[in-house]
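Quick notes on the structure that follows.
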Amino acid sequence: MSDTMDNFIGLSAVLTGFASSILAPGLDPVNIKAEYLPFFTAKVAAESGNPQLVDSIFAKYASLAAQQLSDQQIGTAMLDPANGADFVLACRKLIFMWYSGAWPTLIPASASAPASTVSDLISAKSYTCGLAWQVMQSHPMGDSNYRYGYWNSQPPALNDYTGQQGA
Amino acid sequence: MKNHIPSLRLLHLRRAWPLGVAASGLLVAFLAQGMAPDVSGAGKQAATVPVLSPTIPLEITVTSPPSPPTLASLQHDFDVFSWQMFVALNWPANADGSPNTKLTIGQAPRDSVVWQHWRESRSIFLPKGETPPPWGQNTPLPAVCSGINPKTLPPNTLRLTQIGKTPNLLDESSEPFKTGPLIDQNGRYTRYEILTNETMFNYILGNTLYSKAGQQAFNADADFPSSDPKAAQVGSIMVKAAWVEMGGKYDPSKFFTAWALVYDNPAEQHGVKPFCKLEKVGLVGLHIAHKTADEPQWIWSTFENVANAPTQGEKLQRSAYNFFDPACKDCQVNEPPPRPWNPENAYTKPSQIERVIAITPEAKRLNDSFHRALAAVTPNSVWLNYELVSTQWPTNASSRIDPTGVPAPSFLANTTLESYIQGEVKQTSSSCMACHNNATTTAGKSADFTYLLQRAQ
């Protein structure tokens with residue numbers, strides 16, 4: 001993988017709590033990361049008006065990772081308000097994207113309605129790849145690889161879904 | 001990045017080189033001749049050609065470089081496995097079904113080949129759940145063919161009645177997805193058969209899985225034997241073949257042909273009239289599924305006649321196709337014929353089929369290399385008319401959260417066997433493993449990736 005993709009997956013792992021080997025397996029026929037990275041890059045640039053923002057996010061992450069910090073420390077540093085509102089918002093949207101397979105749009109409160117978030121599904125593939133299903137130890141509606149009768153059995157352990165020990 | 005080193009699953013490490021496979025001469029010769037996979041896309045062509053062997057491979061051979069294996073390099077290795085299977089199964093057979101090692105594939109083209117001696121599903125799952133005859137024997141001709149003296153039939157005559165992958169296709173209630181009959185350029189129905197090898201048959205027979213009552217008594221998930229390289233034992237293999245009647249727009253010299261009793265049986269297909277005739281048929285499609293130790297989801301290989309159909313979005317390569325009419329401008333592409341479906345119709349408007357997912361350049365190069373090997377033995381070998389479409393295999397066979405093992409490629413279709421469900425939409429488009437993972441016995445237990453057990457009565 002390219003350095004950019006490495007940073008994208010590394011940052012995504014820190015922010016989502018999933019192991020990078022789950023987000024980007026060594027043998028990856030689904031390859032959702034190849035869809036997410038350019039989508040994320042284009043969206044952040046368009047919404048922030050700053051084409052360099054994604055690069056600066058990845059650079060910050062790479063710097064922190066090189067310091068051998070824990071995932072918790074890196075995540076806290078990445079979401080520090082001192083990074084700037086657009087920077088932090090992009091990181092939060094990255095989490096949203098991985099968990100839902102969709103891209104969020106924040107709608108500020110108005111005189112007639114409270115603030116809200118709407119989201120647009122990125123693709124059919126992203127819908128099935130949403131990590132929310134994994135955390136539920138379940139499957140997307142309409143798409144299950146479990147065998148007949150699975151509903152009568154305990155699902156695999158959460159660790160098997162997240163790739164993290166002690167999850 | 002230290003936290004994103006591609007991690008190969010254990011099973012792949014077990015496959016790793018040097019070859020741990022007590023396998024075919026082809027495997028060994030392939031490597032001995034230095035035919036490394038060309039997965040670079042640069043179009044480099046190896047100067048050597050693979051050796052053709054009648055030995056069924058028991059496991060894939062992971063080639064190197066690159067090291068560690070990549071998705072592309074492993075795809076190549078599985079595709080080589082598929083061609084090895086194709087060569088071994090289409091080897092000329094002795095009378096007992098064993099490969100005739102005095103011949104090479106492509107020689108004696110009128111002889112039967114190995115897989116034609118296997119057991120067709122209708123001779124396994126008998127009416128009333130009767131016990132099928134043991135391996136090496138067959139059931140009597142169907143009643144609709146009673147007017148034909150069996151002694152007058154050519155050796156190894158096929159029995160073809162299915163008009164789709166699934167049985168009872170004329171029964172709408174059992175039709176999965178949008179499948180339907182495939183109509184050839186002569187306006188005739190394509191016919192199908194499904195066969196098992198001896199290992200798979202014996203498992204069904206030994207565990208009484210040939211009947212509903214037997215499956216009820218078995219009361220467990222099916223677990224067909226896998227190939228065992230250490231013991232040099234061939235595991236379970238099944239094939240699905242698609243055939244068209246020769247004549248008319250079909251030149252028999254372009255097909256592997258066989259004699260077949262083509263029949264319609266009201267006892268099997270509601271609404272048809274009894275009908276049976278002896279026809280020369282030509283092979284247009286062949287699935288091969290092989291359960292191996294490292295791939296409990298089986299390895300799924302699919303081959304086609306090279307003239308079946310053009311690829312969507314590509315320039316036509318031929319003036320005529322087996323299932324596509326270049327002159328037809330208003331034909332609906334990849335749409336089944338209108339109902340009602342009846343294989344006895346003298347003529348049905350031919351299907352207009354296009355391949356949705358192109359054969360990869362890497363697979364094309366491999367096809368070329370095996371074609372060179374086949375031509376070196378027999379310049380006009382009938383097998384030059386067949387090509388590998390692709391191989392589906394599990395990238396994470398031991399996954400605890402995905403019993404399909406995360407197949408690669410995610411979708412795979414044969415234009416003669418999954419004509420109308422090609423594409424890349426999950427749970428809709430053809431994926432061998434994703435579909436067959438749902439197979440159950442009639443007792444509601446996992447059927448280990450085969451729907452055959454649903455045919456038990």
Side-chain angles (χ1 to χ4, degrees), chain A residues 1-14 19-33 58 61-62 65-66 68 71 74 123-129 133-134 137-150 152 155-163, chain B residues 1-9 11-13 68-75 78 221-222 297 392-412 423-429 431 433-441 443-449 454:
Chain A
M1 291 198 301
S2 67
D3 288 346
T4 300
M5 182 60 85
D6 280 341
N7 286 326
F8 175 68
I9 293 300
L11 174 62
S12 297
V14 165
S20 58
S21 60
I22 298 292
L23 304 181
L27 300 174
D28 191 5
V30 179
N31 204 17
I32 191 64
K33 64 184 182 295
F58 290 163
Y61 165 75
Q68 306 293 318
D71 285 358
I74 295 173
S123 68
K125 186 195 284 188
S126 73
Y127 166 71
T128 61
C129 289
W133 309 111
Q134 311 289 315
Q137 294 160 277
S138 184
H139 61 84
M141 288 182 286
D143 179 53
S144 169
N145 286 339
Y146 297 127
R147 287 180 175 166
Y148 177 82
Y150 74 88
N152 197 36
L158 184 57
N159 290 350
D160 293 329
Y161 291 91
T162 65
Chain B
M1 281 292 299
K2 61 179 170 58
N3 61 352
H4 189 64
I5 298 170
S7 58
L8 292 172
R9 64 184 172 85
L11 292 181
H12 275 120
L13 296 178
T70 64
L71 199 63
S73 74
L74 286 167
Q75 183 66 53
F78 277 95
D221 292 344
Q297 294 86 358
Q392 194 179 55
W393 53 283
T395 61
N396 188 1
S398 59
S399 171
R400 294 184 184 181
I401 62 172
D402 185 355
T404 70
V406 194
S410 299
F411 301 93
L412 176 58
E424 296 184 284
V425 179
K426 285 192 76 176
Q427 304 298 336
T428 300
S429 303
S431 166
M433 292 181 198
C435 177
H436 284 259
N437 180 52
N438 295 319
T440 62
T441 69
K445 300 294 185 181
S446 170
D448 195 10
F449 290 89
Q454 281 284 333

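Note that the structure is predicted; figures quoted are calculated from it, not measured. All values below were derived from every heavy atom in this structure, side-chain atoms included, with hydrogens, water molecules and symmetry-related copies excluded.
When each of B:Asn437, B:Val406, B:Asn438 is checked for heavy-atom pairs under 4.5 Å with chain A, B:Asn437 comes out on top.
Within the model, atoms CZ of A:Arg147 and CG of B:Asp448 stand 6.5 Å from one another, a figure rounded to the nearest 0.5 Å. With rounding to the nearest 0.5 Å, the separation of CD1 in B:Ile401 from CG in A:Asn159 is 11.5 Å. Remark: A:Tyr148 OH to B:Lys445 NZ distance equals 10.0 Å, nearest 0.5 Å. The distance from the CG atom of A:Asn145 to the NZ atom of B:Lys426 is 5.0 Å, given to the nearest 0.5 Å.
Listed here is the closest heavy atom pair of B:Pro403 and A:Tyr146: CG-CA, 4.1 Å. In plain terms, the two heavy atoms of B:Ala408 and A:Pro29 that are nearest each other are CB-CB, 3.6 Å. Closest approach of A:Leu27 and B:Leu71 over heavy atoms only: CD2-N, 3.6 Å.
There is no contact between B:Phe411 and chain A, counting heavy-atom distances below 4.5 Å. For A:Gln134, the part lying near chain B is the side chain, with the backbone staying farther off; criterion is any non-hydrogen pair under 4.5 Å. Looking at A:Pro156, only its side chain comes within 4.5 Å of chain B, counting heavy atoms on both sides.
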